[in-house]
Amino acid sequence: KAGVTQTPRYLIKTRGQQVTLSCSPISGHRSVSWYQQTPGQGLQFLFEYFSETQRNKGNFPGRFSGRQFSNSRSEMNVSTLELGDSALYLCASSFTWNTEAFFGQGTRLTVV
Amino acid sequence: AQSVTQLDSQVPVFEEAPVELRCNYSSSVSVYLFWYVQYPNQGLQLLLKYLSGSTLVKGINGFEAEFNKSQTSFHLRKPSVHISDTAEYFCAVSEGSGNTGKLIFGQGTTLQVKP
């Protein structure tokens, strides 16, 4: 059974650009969550989706957005990138929102 | 609001020695508790979880944790560590109502196992 797949693994962007990160959950999982990991702030919750609906949102500016498709795949978008957006972005999938979450390997975004 | 405090940022220990990584949480509602491990350049792997029932929870790789409601703690233990256990460990909490899968993480504890 394939795990959670995040693409790309590494990304370098320039300040002011926008970026889209992708997450393919484990087959059969309908819930996807996103987290940002930085050395200073640690792991912080971004969004939670279930069946294409956002169920929960973390305390991030509106530049951070996400969506989930009918096949449960999810994308997150960050517009007008800032240096502080450099982080490891982790996606987690679960069967439903209150069952065990399995994490992908993450996308490391570097903003220069 | 919920919060998680991992009391040690780094824990150095010699191989084959026992180890305890400490975690305290704060919540006004019932919670589910988790421990995750992260190896360099990897995502998070679930070690163990407490949802309900027995307060002693056994996980993978020989780890176990004990839920102590009165002390609001969920410390992780291993009786004998290996070099391969060197990694970052995260304690996390989610609402016990099951209305959300949102995880609140502690700041992490780096376990350094020395030969």
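Lettering follows sequence order; numbering is per chain, from 1.
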S.K.: Measuring heavy-atom distances to chain B, does A:F50 have an atom under 4.5 Å in its side chain, in its backbone, in both, or in neither?
M.R.: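 Neither part, no heavy atoms under 4.5 Å.
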S.K.: Look at atom CZ of A:R15 and say whether more than 12 heavy atoms of other residues, nucleotides or ligands are closer to it than 6.0 Å.
M.R.: no
S.K.: For A:F95, is the CZ atom crowded, meaning more than 12 foreign heavy atoms sit under 6.0 Å from it?
M.R.: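 No, because the 6.0 Å sphere around CZ of A:F95 holds 12 heavy atoms or fewer from other groups.
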S.K.: Answer with yes or no after comparing the ring centroid distance for B:F105 and A:F45 against a 6.0 Å cut-off, counting only values under it.
M.R.: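 For B:F105 and A:F45, the ring centres are not under 6.0 Å apart.
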S.K.: Grouping I, L, V, M, F, W and Y whenever their side-chain heavy atoms are under 4.5 Å apart, do B:V93 and B:V37 come out in a common cluster?
M.R.: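 B:V93 and B:V37: one cluster.
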S.K.: At a heavy-atom separation under 4.5 Å, does A:L90 approach chain B through its side chain, its backbone, both, or neither?
M.R.: side chain
S.K.: Would you mind checking which part of B:F34 comes under 4.5 Å of any heavy atom in chain A, side chain (CB onward), backbone (N, CA, C, O), both or neither?
M.R.: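 It is neither, since no heavy atom gets under 4.5 Å.
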S.K.: What is the minimum heavy-atom distance between B:F90 and A:Q37, and which atoms define it?
M.R.: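 So the two residues come closest at CZ-NE2, 3.4 Å.
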S.K.: If I measure from the heavy atoms of chain A, does B:Q38 come under 4.5 Å with its side chain, its backbone, both, or neither?
M.R.: side chain
S.K.: Is A:I12 atom CD1 crowded by more than 12 heavy atoms from other residues, nucleotides or ligands, each under 6.0 Å away?
M.R.: no
S.K.: Is there a path of hydrophobic side-chain contacts, each under 4.5 Å between heavy atoms, that joins B:F74 and B:I60?
M.R.: yes
S.K.: Minimum heavy-atom separation for B:Q42 to A:L88, with atom names?
M.R.: O-CD2, 4.3 Å
S.K.: Check whether B:K102 gets within reach of chain A through its side chain, its backbone, both or neither, counting any heavy atom under 4.5 Å.
M.R.: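 When you check distances to chain A, atoms from both the backbone and side chain of B:K102 fall under 4.5 Å.
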S.K.: Would A:Y35 and A:V19 show up in the same hydrophobic cluster when neighbours are defined by side-chain heavy atoms closer than 4.5 Å?
M.R.: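 Cluster IDs for A:Y35 and A:V19 differ.
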S.K.: Return yes when atom CZ of B:F14 has more than 12 non-hydrogen atoms of other residues, nucleotides or ligands closer than 6.0 Å, and no otherwise.
M.R.: no
S.K.: Supply the atom-to-atom distance A:E100 CD to B:L51 CG, rounded to the nearest 0.5 angstrom.
M.R.: 9.0 Å
S.K.: Quick one: pull up CZ in A:R108 and CG in B:N41 and give me the separation to the nearest 0.5 Å.
M.R.: 6.5 Å
S.K.: Which atom names give the shortest non-hydrogen contact between B:L44 and A:F103, and what distance separates them?
M.R.: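 Heavy-atom minimum between the residues: O-CB, 3.4 Å.
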S.K.: Out of curiosity, does B:F63 fall in the hydrophobic cluster containing B:F67 (side-chain heavy atoms, cut-off under 4.5 Å, transitive links)?
M.R.: yes
S.K.: Answer with side chain, backbone, both or neither: which region of A:Q41 has an atom nearer than 4.5 Å to a non-hydrogen atom of chain B?
M.R.: backbone
